[in-house]
Amino acid sequence: MVNGTDQTWKEEQQRVEYVSDRIDEQIAQLESEVGSVRGDVVTMRKEFWDEVTVNFSEADDVGETSTSLRQQSQVLSEREKSHQHASAALGKMKRLKQSPYFGRIDFEEEGYGTDSIYLGIASLLEEGDETFLVYDWRAPISNLYYDSVPGPASYETPSGTIEGTMTLKRQFVIRGREIKVMFDTGVTIGDELLQQVLSRSSDAQMKSIVATIQREQNRIIRNDRSRMLIVQGAAGSGKTSAALQRVAYLLYKHRDTLQADQMILFSPNPMFNSYVSTVLPELGEENMLQTTFQEYLEHRLGREFQLEDPFIQIEYVLSGREDADYAARINGIRYKSSASFLDAINRYKQLLERKEMRFKPLRFMGKVVVDADTIAEKFYAFDPAIRLANRCELLKDWLLKELAAFGKGELNEPWVEEQIQILDIEDYQRAFQRMRRNQKGRADNFSDYDEEKVILSKMVVSDRLKPLRRWVKSLRFVDVTALYSQLFQNRDLFREIHGGELPADWDAICVQTLEKIREGELFYEDATPFLYLKELILGFRSNTSIRHVIIDEAQDYSPFQLYFLKRLFPRARMTALGDLNQAIYAHASVLQQSTSLTELYGEEQSELITLVQSYRSTREIVEFTRGMIPGGEAIVPFNREGEKPEVRVLDDVAELNGRIRQDIEGLRAEGYDMIAVICKTAAESQQAYEALSKDLPVKLIKKTTLSFEKGIHIIPAYLAKGVEFDAVLIYDGSDEKYTREAERKLFYTACTRAMHLLHVYSVGTPSRFVRESREDTYILV
């Protein structure tokens, strides 16, 4: 769209060409610099030892050699840093070359003239001058572009508020040194630019949105006040995009004190990490740490137990209704994820300070070194005012002394003599060296043989006791498994710490939990409480280096899990992004009550931002999907037109597969790059894959899939969270598949993955969630 005179367009085009020439000059200069420095680094690495005279013959020579090594190493380190800085600058210039800037604002500061400010993904200075050709989108003055309209305006800087008048706001789309779109706008970001961006095909990786950041998203990005920022946003409202731009903004604003590796993103699955991995590098920033909560649990508990993951849990929730113990499992999931169970475990810890601690005995070659009762007796003999974790440390020191005394008593045992007889030459060499050290300063009037035998005996006993010493040092004498199991074995004890009426199906929950533990496994809902109890007893392993935690799909976390993450990262600020309408797990969502989140850091340090505008899907898709959920009328569709969703009723699965096959071929012919066949479960996805893969190049997405590529995907609904597709085909949206209230949000989540086109296929009567939507919002075929 052209908005403005031909002369304006010509002047702006000339500026684009001028800036592009300056970028080309800087690229040439930086490429030369990078090549030169790289050559220096390579040469220095090759010749490192030639530059250092190594001499260890005298003490002075050793000191001289050490100094020489240190100096040469420092020079190499400085050159390597220079190479890294030049490479980073070159990368930014190459990104600017693709599109030098996307916006312009003219701002007249009170008492000064008018400045024209051009905004891009990075700053660009005129060579040999302090004049900015392009301002970084994160600079304080750039805030005017996102938050203000022409007229009186102000922005905040470190030195105070700058006031004045914005006289112009202009937006561009520039590609290959040429302006493709240019218009002046009186609103935050013109619909024209958003229309163009949103009408594009979906991609295998999320893109930067700096050119189209909306005012409400800008509030998220630039929020630097709140310890806890909660973002409740409709599907497709740009929550994740805004969060990633937020990371880039914080790294820019606090570049002297904040590094990318001090920020961590908890994402819903490994594939999602791949999907968002290009956003920060596009903006010239390093990627932050990325993980999933399950990966952290595996890291901490994976050696002790086989852990169920959330996807196995949800598969059971969605497909295990025929199981006789299904109701008990669902009630167990809900209770173990709740704040009530968290409170119960905190009270359990207080009880353990007085009684009921469980320990494992120290055993060595069939002998009991210290029995469990003696350990418990010693534990409770310590001052009751001492914390549990500190008492465990004192107990560890005491046990090591007991072990040392036991070792002395073993020196003359027959097994020690037997071990000495089969020692190899290396063991004898070790004993000889030890004997020589012991002889220092002594007279030589003792038997070498007696000395040697004592040393060999000590060495044999020490080596054999080493694993047990390690076992004690790692506090494994505390029987955490027995302590957790005790909650489900001792009804009176649990009633004491729980208070009030026991949870529904408590007896069946206990049986299920204990059976799983006996098999060396933990349910997903048990992993966090187990780890939390372990930390309460043995001491918390907190991470104080992380300064900011971002939790995506926060509605999938329980209050218990969020509290645990707060304890894990005590110095960090937290950004929690989610949509309660996509809370598909059986446990209570931490977003169900905003108080659950605000209580973590207190109301004064918490802020809630709600996003109601949906940008991902066409107006027709949003109007259809918002009818499926309570309060859906509050979701505002972006004004992008498309086809109404199509609901097609079929007689059987064979007809279903045939129709989907036919429709996919048609969509491919129309140029759709990203197509998803979304199924309810992994089992149904496997069946669909087997039926469709004979004729189509489909990809089956599993929980272990690490990367996201263009093409035709068959994917369970719960793995599709957070990503988007050009076209979505709901594999079987029948009433038989989606009818329980617990499945409403799963169905809504699946449908809201569609950007441009949505088809729902149904073997028999369509789901009641479809039928509850207004009939004029979809086409029934």
Side-chain angles (χ1 to χ4, degrees), residues 296-297 300-301 304-305 332 334-360 372-373 375-399 472 474-503 506 509-510 513-514 517 522-523 525-544 557-570 587 590 596 599-601:
Y296 177 75
L297 292 174
R300 293 297 310 277
L301 296 173
E304 299 172 57
F305 293 100
R334 288 173 180 157
Y335 176 68
K336 292 173 185 174
S337 306
S338 70
S340 297
F341 193 43
L342 172 66
D343 292 339
I345 288 184
N346 284 328
R347 286 191 290 270
Y348 184 36
K349 177 242 182 185
Q350 293 170 358
L351 181 142
L352 292 175
E353 290 170 347
R354 297 179 282 108
K355 60 180 181 178
E356 304 295 351
M357 276 292 287
R358 294 287 178 266
F359 299 98
K360 299 174 187 174
D373 289 341
I375 296 174
E377 191 177 316
K378 181 68 178 178
F379 180 84
Y380 285 114
F382 292 128
D383 186 343
I386 300 173
R387 292 188 315 121
L388 275 181
N390 290 346
R391 276 193 256 178
C392 289
E393 288 293 324
L394 292 172
L395 200 56
K396 176 192 76 176
D397 295 339
W398 176 73
L399 285 171
V472 171
S474 60
L475 307 180
R476 291 175 64 189
F477 55 86
V478 180
D479 197 342
V480 180
T481 301
L483 286 166
Y484 189 72
S485 299
Q486 188 169 239
L487 290 169
F488 304 94
Q489 291 167 328
N490 189 331
R491 192 181 182 90
D492 292 336
L493 179 147
F494 187 78
R495 196 184 292 278
E496 182 180 347
I497 62 169
H498 174 69
E501 193 174 330
L502 291 176
W506 180 246
I509 290 170
C510 292
T513 307
L514 293 171
I517 290 173
L522 277 183
F523 285 129
E525 62 268 23
D526 282 304
T528 305
F530 183 96
L531 184 54
Y532 180 66
L533 176 63
K534 182 176 182 177
E535 303 249 296
L536 280 178
I537 296 167
L538 304 183
F540 271 86
R541 290 195 198 178
S542 55
N543 185 326
T544 56
Y557 288 75
S558 69
F560 203 134
Q561 290 169 332
L562 257 291
Y563 180 79
F564 182 83
L565 285 175
K566 182 199 172 186
R567 289 289 299 258
L568 178 60
F569 302 109
H587 60 244
V590 74
S596 298
E599 283 172 0
L600 279 178
Y601 296 101

Novice: Cationic tip of R567 within the cone over F540's six-membered ring, i.e. under 6.0 Å and within 45° of the normal?
Specialist: yes
Novice: Is the shortest heavy-atom distance from the side chain of L297 to the side chain of L522 under 4.5 Å?
Specialist: no
Novice: Look only at the side chain of Q561 and the backbone of S337, and say whether a donor-acceptor pair between them is shorter than 3.5 Å.
Specialist: no
Novice: Taking the six-membered ring of F488, is NZ or CZ of K336 closer than 6.0 Å to its centre and within 45° of its axis?
Specialist: yes
Novice: Which distance, rounded to the nearest 0.5 Å, do you find between the CD1 of I497 and the CG of D492?
Specialist: 12.0 Å
Novice: Determine, stepwise, if the pair Y532 / N346 fulfils side chain to side chain contact (heavy atoms under 4.5 Å, CB included).
Specialist: CA-CA 9 Å; Y532 180 66; N346 284 328; 2.6 Å; yes
Novice: How about L568 and R541: do any of their side-chain heavy atoms sit closer than 4.5 Å?
Specialist: no
Novice: Kindly give the heavy-atom pair with the smallest separation between K360 and I375, and that separation in Å.
Specialist: O-CD1, 3.4 Å
Novice: Could you grab the distance from atom OG1 of T513 to atom CG of D526, nearest 0.5 Å is fine?
Specialist: 5.0 Å
Novice: Over 60° means perpendicular and under 30° means parallel, so classify the ring planes of W506 and F494, tilted if in between.
Specialist: parallel
Novice: Do K349 and I345 come close enough that some side-chain heavy atom pair is under 4.5 Å?
Specialist: no
Novice: Step by step, would you call Y563 with E599 a side chain to side chain contact (heavy atoms under 4.5 Å, CB included)?
Specialist: CA-CA 10 Å; Y563 180 79; E599 283 172 0; over 6 Å; no
Novice: Give, for atom CZ of F382 and atom CG of L395, the distance between the pair rounded to the nearest 0.5 Å.
Specialist: 5.5 Å
Novice: For L388 versus L536, what's the shortest heavy-atom pair and its separation?
Specialist: CB-O, 4.3 Å
Novice: Rounded to the nearest 0.5 Å, what separates atom CG in L600 from atom CG in L565?
Specialist: 9.5 Å
Novice: What do you reckon, is CZ of R491 surrounded by more than 12 foreign heavy atoms closer than 6.0 Å?
Specialist: yes
Novice: Would you indicate whether E377, at its atom CD, is surrounded by more than 12 heavy atoms from other residues, nucleotides or ligands within a distance under 6.0 Å?
Specialist: no
Novice: Using the test side-chain contact (heavy atoms from CB on, under 4.5 Å), find all partners of A482 that sit at least two apart in sequence or belong to another chain.
Specialist: R358, D479
Novice: Are Y348 and I537 close enough that some pair of their side-chain heavy atoms sits under 4.5 Å apart?
Specialist: no
Novice: Just verifying a value: how many Å separate F530 CZ and L487 CG, rounded to the nearest 0.5 Å?
Specialist: 10.5 Å
Novice: Which atom pair, heavy atoms only, marks the closest approach of L483 to E356?
Specialist: CD2-O, 3.5 Å
Novice: Among F523, F341, F560, whose ring-ring contact (aromatic ring centres under 6.0 Å, His included) with Y335 holds?
Specialist: F341
Novice: Any non-hydrogen side-chain atom of K534 less than 4.5 Å from a side-chain atom of Y484?
Specialist: no
Novice: Between H498 and E501, what is the shortest heavy-atom contact and its length?
Specialist: NE2-O, 2.9 Å
Novice: Which value, rounded to the nearest 0.5 Å, describes the distance between Y380 atom OH and R391 atom CZ?
Specialist: 7.0 Å
Novice: Would you mind reporting whether L562 and F564 have side-chain heavy atoms less than 4.5 Å apart?
Specialist: no
Novice: Going by heavy atoms in the side chains, are Y296 and L531 under 4.5 Å from each other?
Specialist: yes
Novice: Applying side-chain contact (heavy atoms from CB on, under 4.5 Å), name anything that partners S542, two or more places apart in sequence or on another chain.
Specialist: T544, P570
Novice: Got F379 and C392 here, is their nearest side-chain heavy-atom distance under 4.5 Å?
Specialist: yes
Novice: If you count every heavy atom of other residues, nucleotides or ligands that lies below 6.0 Å from R347 atom CZ, does the total exceed 12?
Specialist: yes
